[in-house]
Asks: 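Take this structure first; my questions come after.
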Number of protein chains: 2
Amino acid sequence: MGRKRTKSGKIRLAEVAELAGVSPITASRFFRNPEALSLAKRTRVESAAKELGYVPNLAARALASQRTEVIGVLIPSLTNNVFSDVLRGIYDASEGNRYSIQLSNTRYSILQEEKLLRLFLAQKPAGLIVTGIDQTAESRAMLEAADCPIVQIMEIGPDPVDMMIGFSHYDAARAAVAHLFDQGRRRIGFVGARMDPRVQRRLDGYVSAMKDAALFEQRLVVTTATPTSVTLGGALFADLLAREPGLDAVFCANDDLALGVLFECRRREIGVPDQIAIVGFNDLEFMASAVPTLTSVRTNRYEMGKTAATMLIEAIDGRRPEQPVLDLGFKIIERQSSMPRHSESRPAASGAGATANKMVALPSGHD
Amino acid sequence: MGRKRTKSGKIRLAEVAELAGVSPITASRFFRNPEALSLAKRTRVESAAKELGYVPNLAARALASQRTEVIGVLIPSLTNNVFSDVLRGIYDASEGNRYSIQLSNTRYSILQEEKLLRLFLAQKPAGLIVTGIDQTAESRAMLEAADCPIVQIMEIGPDPVDMMIGFSHYDAARAAVAHLFDQGRRRIGFVGARMDPRVQRRLDGYVSAMKDAALFEQRLVVTTATPTSVTLGGALFADLLAREPGLDAVFCANDDLALGVLFECRRREIGVPDQIAIVGFNDLEFMASAVPTLTSVRTNRYEMGKTAATMLIEAIDGRRPEQPVLDLGFKIIERQSSMPRHSESRPAASGAGATANKMVALPSGHD
DNA sequence: GTCGGTGCTGGTAGCGCTGTCAACGTTCCT
DNA sequence: AGGAACGTTGACAGCGCTACCAGCACCGAC
């Protein structure tokens with residue numbers, strides 16, 4: 001392989017123990033439960049380990065202890081910004097403790113998820129983070145039978161496998177539509193892509209809110225199974241507009257689509273919000289910076305990942321949370337794109353950068 | 001933990017061997033090197049394994065064989081879109097074979113990188129993917145001494161540790177500036193954030209191109225160590241404009257900044273490209289969809305990740321690539337934002353969505 | 001003074017798999 | 001026909017660590 005072959009710089013636990021003048025078992029305990037040692041031995045082992053640069057062999061530990069210190073994470077996409085925030089939270093929370101993250105991408109396929117789950121479970125993970133609540137029956141059964149704590153993330157539902165953290169996409173969508181009603185909008189379109197279960201529930205929320213107001217029409221809904229993108233937002237909006245020229249607002253299932261809609265409006269010289277209001281979903285960073293600034297539903301993605309991993313680790317360590325289901329909520333961040341029609345839609349020419357920055361500094365979404 | 005405790009559904013290799021009527025070693029070989037078995041035994045072991053639902057115990061395998069089937073990946077950011085594309089490539093390439101990805105986030109700190117490297121190396125990974133060429137001396141030494149193939153990604157340099165795949169950020173930046181020269185621009189500003197080594201090399205490329213044309217001035221450069229964002233792009237551009245009102249183009253170190261600049265121009269009613277041309281870097285999806293569409297330097301991020309992982313796995317399996325350093329190149333994707341001044345800057349009102357889509361379908365950047 | 005409890009420590013015995021090497025049967029060559 | 005060469009198989013001996021349980025010292029309680 002062209003690479004040097006080291007003798008595998010093996011410093012074993014036994015060597016540490018020898019240098020410290022204790023038995024290997026005592027040394028082992030030092031790494032797993034230092035409080036169980038007398039102070040004298042603890043310091044002896046500690047300095048011996050440091051002196052030798054000892055690093056435990058995880059494979060041996062896993063084999064002997066019949067469990068790993070791996071947290072399996074199943075997410076449906078690596079591309080979606082939403083998941084990169086969640087992941088960052090998970091990785092941040094797992095830092096500094098002994099657990100390591102094993103990530104797998106289900107690509108929005110519950111069959112793939114089932115396969116990966118089987119793989120994970122076979123290695124006896126310390127814990128599992130899975131996305132959503134729509135598993136196959138088989139997956140569900142495996143999760144129920146799993147001998148480790150499990151957190152379902154991204155949304156909440158009535159029947160948690162174990163723990164659960166997220167928010168109601170249905171309620172969030174209803175709130176977004178209610179906001180548009182408040183702004184005097186009536187003919188509100190829905191634009192959605194990928195149509196995974198969570199987007200579907202956003203659609204359901206939109207439909208129910210529209211029906212409650214007796215404003216629902218099927219032609220107001222444009223969706224596709226295609227993965228989301230900014231460009232796609234523009235294309236779907238074009239479709240929507242062709243079907244319903246009297247449109248006065250669009251609720252987009254995510255922010256990329258919303259940005260695409262905004263660009264398409266600009267292309268067609270449709271005033272935002274004067275002619276059409278736009279509301280996105282997730283409140284990605286650019287929403288506060290667009291012109292006009294774009295209203296969105298803020299979701300606490302980083303916090304979700306971080307809390308999920310923290311809860312999971314606590315549970316692994318035997319400290320189960322008092323509250324296994326956590327609703328992180330959401331927050332409508334009202335910006336220019338959904339202001340009432342007669343308000344001025346464009347900010348003063350200069351100093352607008354400051355305006356955008358001010359939007360970013362709005363009260364954070366931890367509701 | 002409130003979870004059922006299974007008896008740990010252990011089907012050992014020995015049981016498979018017994019059912020198949022062979023020795024455990026033969027069964028073991030079946031999973032590692034099936035060609036070494038006679039066809040009869042191979043099928044016997046195969047069906048026995050399937051019948052019992054055998055899943056190998058990776059910990060035991062790692063312990064006995066003194067090596068893992070883990071590929072360590074060190075990247076500086078989980079937030080940055082650029083890395084999510086690279087990661088996706090890496091994960092895609094690692095699918096279907098027996099290697100699993102272990103990801104760690106250095107957060108743009110080479111000290112953190114060194115720490116993580118030490119951690120990884122202690123577990124004897126099968127291979128390593130590290131970002132960039134700017135390691136600490138200590139890290140470099142560890143990499144040199146490592147007993148596994150290593151791929152450095154994201155850029156190429158003169159002194160690979162082992163394998164290397166990327167492109168020259170310096171050349172790419174020079175090409176971007178040359179493109180702006182071609183379009184008749186002279187007072188070209190540079191906007192950069194985070195200023196990690198690769199952004200720094202883009203700046204170096206910009207500076208050298210500007211100096212070659214005797215057009216360089218320090219005040220044309222605005223940078224910050226702050227992490228990048230769309231909003232930040234607007235703010236940095238505002239700074240730049242205050243320093244140099246005669247500006248006629250901006251080269252942005254990434255696309256988020258470029259989008260921020262575009263929005264800021266819109267806010268200030270500065271025509272793009274009539275007054276100011278904008279060029280971004282990476283060619284994220286939204287660049288083709290913005291209004292006007294935004295010129296960018298296309299980089300082959302997904303391919304980079306995928307190829308890196310593929311090369312690495314091949315090398316692990318003993319098939320080292322003939323060419324250990326791979327330059328994936330880049331490509332200037334010329335769009336409206338950098339058209340010459342006198343051309344019409346806005347497309348026809350309708351059908352522009354199609355235009356944007358056409359841009360997306362341009363010949364791919366495999367130079 | 002003996003007893004049981006508590007805190008700490010150590011010995012024994014694997015966890016499930018694979019590296020090494022020897023041995024076997026078969027084929028091919030001379 | 002004999003032997004070497006090859007392909008295939010199996011026995012043995014751990015990999016480095018920890019679970020389990022026993023043992024020791026020391027304590028206070030009866």
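Protein chains get the first letters and strands the later ones, always in sequence-line order, with residue 1 at the start of each.
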Asks: Closest to the B:A64 side chain: C:dG14, D:dA19, D:dG14?
Replies: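 So the nucleotide nearest the side chain must be D:dG14.
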Asks: List the residues meeting side-chain contact (heavy atoms from CB on, under 4.5 Å) with B:V86, not counting sequence neighbours, and say none if there are none.
Replies: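 Applying side-chain contact (heavy atoms from CB on, under 4.5 Å) to B:V86 gives B:I90, B:I153, B:M154, B:R301.
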Asks: For C:dC15, does OP1 or OP2 lie under 4.0 Å from any side-chain N or O of B:R61?
Replies: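 No, B:R61 has no side-chain N/O under 4.0 Å of OP1/OP2 on C:dC15.
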Asks: Write down the distance between CG (A:L13) and C1' (D:dC15), rounded to a whole number of angstrom.
Replies: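 Interatomic distance, CG of A:L13 to C1' of D:dC15: 14 Å.
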Asks: Roughly how many Å is it from CZ in B:R12 to P in C:dG16, rounded to a whole number?
Replies: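 Between P of C:dG16 and CZ of B:R12: 5 Å.
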Asks: Would you say A:Y54 places a side-chain N or O within less than 4.0 Å of OP1 or OP2 belonging to D:dG16?
Replies: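 Checking A:Y54 against D:dG16: no side-chain N or O falls below 4.0 Å of OP1 or OP2.
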Asks: Is any side-chain nitrogen or oxygen of B:Q66 closer than 4.0 Å to OP1 or OP2 of D:dG16?
Replies: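 So the side-chain polar atoms of B:Q66 do come within 4.0 Å of the phosphate oxygens OP1 or OP2 of D:dG16, strictly under.
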Asks: Nearest whole Å is fine: how far is D:dG16 C1' from A:N57 CG?
Replies: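 Result: 6 Å.
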Asks: Quick one: which residue pairs count as a ring pair (Phe, Tyr, Trp, His ring centres under 6.0 Å) with a foot in residues 19-50 of chain B, not counting sequence neighbours?
Replies: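 Passing the test, one end in residues 19-50 of chain B: B:F31-B:Y54.
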Asks: What is the distance from CD1 of A:I11 to C1' of D:dC15, rounded to the nearest Å?
Replies: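 After rounding, the reported distance stands at 16 Å.
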Asks: How about CZ on B:R42, more than 12 heavy atoms from neighbouring residues, nucleotides or ligands closer than 6.0 Å, or not?
Replies: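 Yes, enclosed.
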Asks: Tell me the closest heavy-atom pair linking B:L312 and B:P149, and the distance in Å.
Replies: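 Looking at all heavy atoms of both residues, the shortest contact is CD1-O, 3.4 Å.
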Asks: Any donor-acceptor pair under 3.5 Å linking the side-chain atoms of A:T136 with those of A:R140?
Replies: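 No.
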Asks: Tell me whether the count of non-hydrogen atoms from other residues, nucleotides or ligands lying under 6.0 Å of CD in B:E18 goes above 12.
Replies: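 Not buried by this count: 12 neighbours or fewer within 6.0 Å.
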Asks: In whole Å, I'd like the distance from the CG atom of B:L58 to the P atom of C:dC15.
Replies: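 Rounded to whole Å, this separation is 18 Å.
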Asks: What nucleotide among D:dA19, C:dG16, C:dT18 has an atom nearest to a side-chain atom of B:L63?
Replies: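 Shortest atom-to-atom distance from the side chain points to C:dG16.
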Asks: Mind running a 4.0 Å heavy-atom check of residues 17-52 of chain A against DNA chain D and sending the residues that fall below it, in number order?
Replies: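 A:I25, A:S28, A:R32, in order of number.
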